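Shown next, in structure tokens, is the structure this report addresses.
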Amino acid sequence: MMANALDIYKSHPVRSQLGMRAAQYVRMSTQRQQYSIQNQAAVIAAYAHAHSLTIVRTYRDEGESGLLIKNRAGLIQLIKDVQTGEADFGHILVYDVSRWGRFQDVDESAYYEFVCKQAGINIAYCAEQFDNDGSVLSSIIKNIKRVMAAEYSRELSAKVHAAQCRFARLGFKLGGRPGYALLRELVDQSQRSRGVLKNGDQKYLMTDHVRVRPGIPEEVAVVKWIFERFLQVKSEAIIARELNRRAILTSTGVRWTRAAVNTVLRNENYIGNLTFNRRSRKLRRNCTCNPPDLWITSERCIKPIIEREVFLKVNKIIEERRVDITEEEMLARLRKTLLKEGRLSSAIIASTVGLPCASTYQTHFGSMMNVYRLIGYTPKRNYAFLESRPRWAEQEAKLGSHIAMAIRKAGGRITSSNRTDYLRVRGSVNISIRSALCCGRQNRAPYWSIKRRARLPQGWIAAIRLSEHNESVLDYVLLSADGKVKRTINFSERARVRRGIARFETPDALARAIAKLVTLKDRCAPAPQDKRSRPKQLNTKNARARR
């Protein structure tokens with residue numbers, strides 16, 4: 001009877017056979033629910049056997065919450081197959097109403113079910129005690145179940161937050177990095193050490209907790225030097241330059257910045273205090289900054305690195321340096337800077353004494369383009385694409401989902417799926433998702449530019465190529481990257497043809513090409529390099545001389 005569980009058949013039935021064919025949707029909320037999907041599949045298989053149905057396809061979401069649909073590639077693909085007519089089944093089998101989703105708006109859950117019914121596909125909740133037959137009674141019970149599923153998430157969120165607050169008052173660390181020169185130590189219920197947690201590690205036993213303690217002596221010495229040096233120079237930028245000159249990296253392995261130094265100087269962990277609930281993000285909604293009266297501070301729960309008097313003196317300097325001005329005054333000072341400099345840029349704003357930084361302007365006015373409009377300034381460079389950046393970021397995320405789904409269908413394995421702009425296949429093939437902006441030139445052919453951003457590793461770049469004025473999609477391109485790009489990749493249409501950059505009309509065509517590329521062999525070959533990125537040949541004479 002369990003032969004149906006998680007089986008996939010790839011036949012193509014005629015319409016009269018769809019009534020005997022079914023797809024199953026299974027979901028587990030966290031990676032710790034290791035048997036959840038198997039248990040769901042067993043119940044679904046029993047239901048299919050009792051109703052003479054054959055399970056021909058499986059859609060799954062592993063380790064994904066039911067609050068939102070955007071991270072659930074399995075459900076997204078199911079709805080897409082139904083809407084595009086690619087569904088080769090007449091039934092969708094789900095364990096219960098909550099596995100379909102714990103959407104906080106129950107109408108959202110009903111909408112996705114309606115999409116399936118409109119396509120002539122029935123949904124059955126195999127573990128529920130009612131038949132989803134459209135009757136008044138089943139509709140009432142189903143709606144109650146949806147409300148209960150949503151309420152369960154709200155109640156669980158409140159209980160988890162209350163428990164976190166209680167443990168925070170006891171001096172335990174709850175999520176996040178502890179900071180430079182600090183380590184997370186796992187302790188059992190008797191406060192005995194169970195070892196140090198590395199970045200990415202997490203505890204699994206409910207009775208275990210995490211405490212923070214000072215790290216290696218070399219990093220502790222760096223923190224002490226940062227505080228002492230700030231009292232002398234009173235500049236985070238100078239300290240960052242001196243740290244980088246000494247080749248000292250941050251806890252994340254990158255170079256120091258002014259903001260990173262400021263974070264160290266304001267971190268109360270170094271005087272033994274642990275603060276929780278500065279910000280909160282409940283039910284996968286936007287992160288909110290909480291007022292200070294909701295903060296939970298546990299004092300002297302960490303062995304201090306910095307003396308309290310030194311910490312207070314440093315932070316007094318930082319606070320006195322801050323000047324609060326009104327938005328009208330912010331714009332007035334910017335106008336004076338424009339009259340003096342003749343133009344504006346982020347670099348000019350950052351170097352002008354008495355002006356807030358560009359990020360502060362963006363926080364108050366939404367974007368720098370809004371700021372420029374308010375003061376009557378029109379920059380020579382066209383920055384209109386900045387306002388459409390969120391829209392193209394969303395399109396990049398959708399393209400990444402297309403590619404990931406195509407690779408999984410072809411038998412590939414995505415080893416890093418927590419980012420929307422970067423995929424890693426089989427631990428060796430890197431795929432970066434980007435937008436290629438159209439850059440016009442007077443009396444010359446346009447060219448397209450791909451920004452490097454924070455990461456552009458060696459491998460492949462799948463890019464959405466935008467049309468003129470960057471208002472719509474022109475097509476999609478696939479090009480290789482050697483991992484050495486400093487800022488941007490530029491190419492014209494002639495250069496695209498010359499360099500062999502493939503183009504595709506649709507995202508599905510691009511996704512299929514990438515899936516075929518990375519799954520062509522059991523062991524993927526490294527990405528080919530174009531003429532501009534070929535490594536130079538080693539001079540054998542010089543090599544012998546060096547040896």
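Just the heavy atoms: all of them, side chains too, but no hydrogens, waters or symmetry mates, feed the values below. The structure presented is a predicted model; accordingly, all values stated were derived computationally and were not measured. Position 1 is the first residue of the sequence; numbering continues from there.
- Summarising the local packing, OH of Y95 is surrounded by 12 or fewer heavy atoms from other residues, nucleotides or ligands at distances under 6.0 Å.
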May I have the step-by-step check of side chain to side chain contact (heavy atoms under 4.5 Å, CB included) for R57 and D88, ending in yes or no? CA-CA 9 Å; R57 190 170 299 191; D88 56 351; 3.4 Å; yes
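- Using cut-offs of 30° and 60° for the angle between ring planes, the F172 and H209 rings count as parallel.
- Counting only distance, with no hydrogens or angles, the side chain of S98 and the backbone of A149 share no donor-acceptor pair below 3.5 Å.
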Evaluation steps, side-chain hydrogen bond (donor to acceptor under 3.5 Å, both in side chains), between Q395 and S435: CA-CA 9 Å; Q395 293 299 319; S435 293; over 6 Å; no
Apply side-chain hydrogen bond (donor to acceptor under 3.5 Å, both in side chains) to residues R27 and Q40 and explain how you reach the verdict. CA-CA 8 Å; R27 177 183 66 83; Q40 294 173 50; over 6 Å; no
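- Distance check: L205 CG to Q189 CD gives 9.5 Å after rounding to the nearest 0.5 Å.
- Taking 4.5 Å as the limit, some side-chain heavy atom of F103 sits within range of a side-chain heavy atom of I69.
- Checking each of R184, K203, R194, R192 against D208 for a salt bridge (Lys or Arg N to Asp or Glu O under 4.0 Å) leaves exactly one that passes, namely R194.
- Just one of E113, K145, M148 meets the side chain to side chain contact (heavy atoms under 4.5 Å, CB included) condition when paired with V97; it is K145.
- To the nearest 0.5 angstrom, Y47 atom OH is 8.5 Å from H91 atom NE2.
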Can R60 and Q24 be said to form a side-chain hydrogen bond (donor to acceptor under 3.5 Å, both in side chains), step by step? CA-CA 8 Å; R60 71 174 75 200; Q24 60 180 339; over 6 Å; no
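- Scored by the side-chain hydrogen bond (donor to acceptor under 3.5 Å, both in side chains) test, T275 finds T297 as partners (sequence neighbours excluded).
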Please step through salt bridge (Lys or Arg N to Asp or Glu O under 4.0 Å) for the pair R266 and E268, ending with a clear verdict. CA-CA 6 Å; R266 298 174 69 90; E268 291 190 20; over 6 Å; no
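- Judged by distance alone, with hydrogens and angles left aside, the side-chain atoms of N470 form a donor-acceptor pair with the main-chain N or O of C438 at under 3.5 Å.
- Within the 4.5 Å cutoff, side-chain heavy atoms of F365 are placed close to those of M330.
- The salt bridge (charged side-chain N to carboxylate O under 4.0 Å, His left out) check on K80 picks up D508, with sequence neighbours excluded.
- In this structure, the side chain of S367 engages the main chain of N370 through a donor-acceptor pair within 3.5 Å.
- Remark: K198 NZ to L183 CG distance equals 11.5 Å, nearest 0.5 Å.
- Atom OG1 in T326 sits 4.5 Å away from atom CD in E328 (nearest 0.5 Å).
- Side-chain atoms of C116 and L78, non-hydrogen and from C-beta on, do get closer than 4.5 Å to each other.
- Between R102 and E151 no salt bridge is recorded (no basic side-chain N to carboxylate O distance below 4.0 Å).
- Few gaps surround NZ on K117; more than 12 heavy atoms of other groups in view lie less than 6.0 Å from it.
- At most 12 heavy atoms of other shown residues, nucleotides or ligands fall within 6.0 angstrom of atom CD in Q129.
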Side chain to side chain contact (heavy atoms under 4.5 Å, CB included) between I431 and I433, intermediate numbers included: CA-CA 7 Å; I431 302 172; I433 317 297; 4.0 Å; yes
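- By the neighbour-count criterion of 12 heavy atoms within 6.0 Å, atom CZ of R300 is sparsely surrounded, having that number or fewer from other residues, nucleotides or ligands.
- At a threshold of 4.5 Å between non-hydrogen side-chain atoms, the residues L478 and W460 count as touching.
- Atom CZ of F276 sits about 5.0 Å away from atom SG of C165, to the nearest 0.5 Å.
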Applying side chain to side chain contact (heavy atoms under 4.5 Å, CB included), run through K173 and L274 and close with a yes or a no. CA-CA 8 Å; K173 175 69 175 174; L274 199 61; 4.3 Å; yes
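- Listed for the D61 side chain is a donor-acceptor partner under 3.5 Å among the backbone atoms of L75.
- Judged by distance alone, the side chain of D133 and the main-chain N or O of S138 form no donor-acceptor pair under 3.5 Å.
- Here the CD atom belonging to Q77 is positioned 10.5 Å from the CZ atom belonging to R408, to the nearest 0.5 angstrom.
- With N132 contributing its side chain and I123 its backbone, the two residues share a donor-acceptor pair below 3.5 Å.
- Judged purely by atom type and a 3.5 angstrom limit, T263 uses its side chain to pair as donor or acceptor with the backbone of A259.
- Between T288 and R279 the shortest side-chain heavy-atom distance does not fall below 4.5 Å.
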Before you tell me yes or no, could you show the steps for R278 and N290 under side-chain hydrogen bond (donor to acceptor under 3.5 Å, both in side chains), namely the whole-Å CA-CA distance, both residues' side-chain angles and the distance that decides it to 0.1 Å? CA-CA 5 Å; R278 290 178 182 268; N290 298 320; over 6 Å; no
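- At least one side-chain heavy atom of V210 sits less than 4.5 Å from a side-chain heavy atom of L197.
- Cation-pi contact between R465 and Y476: absent, since separation from the ring centre below 6.0 Å together with deviation from the ring axis within 45° is not met.
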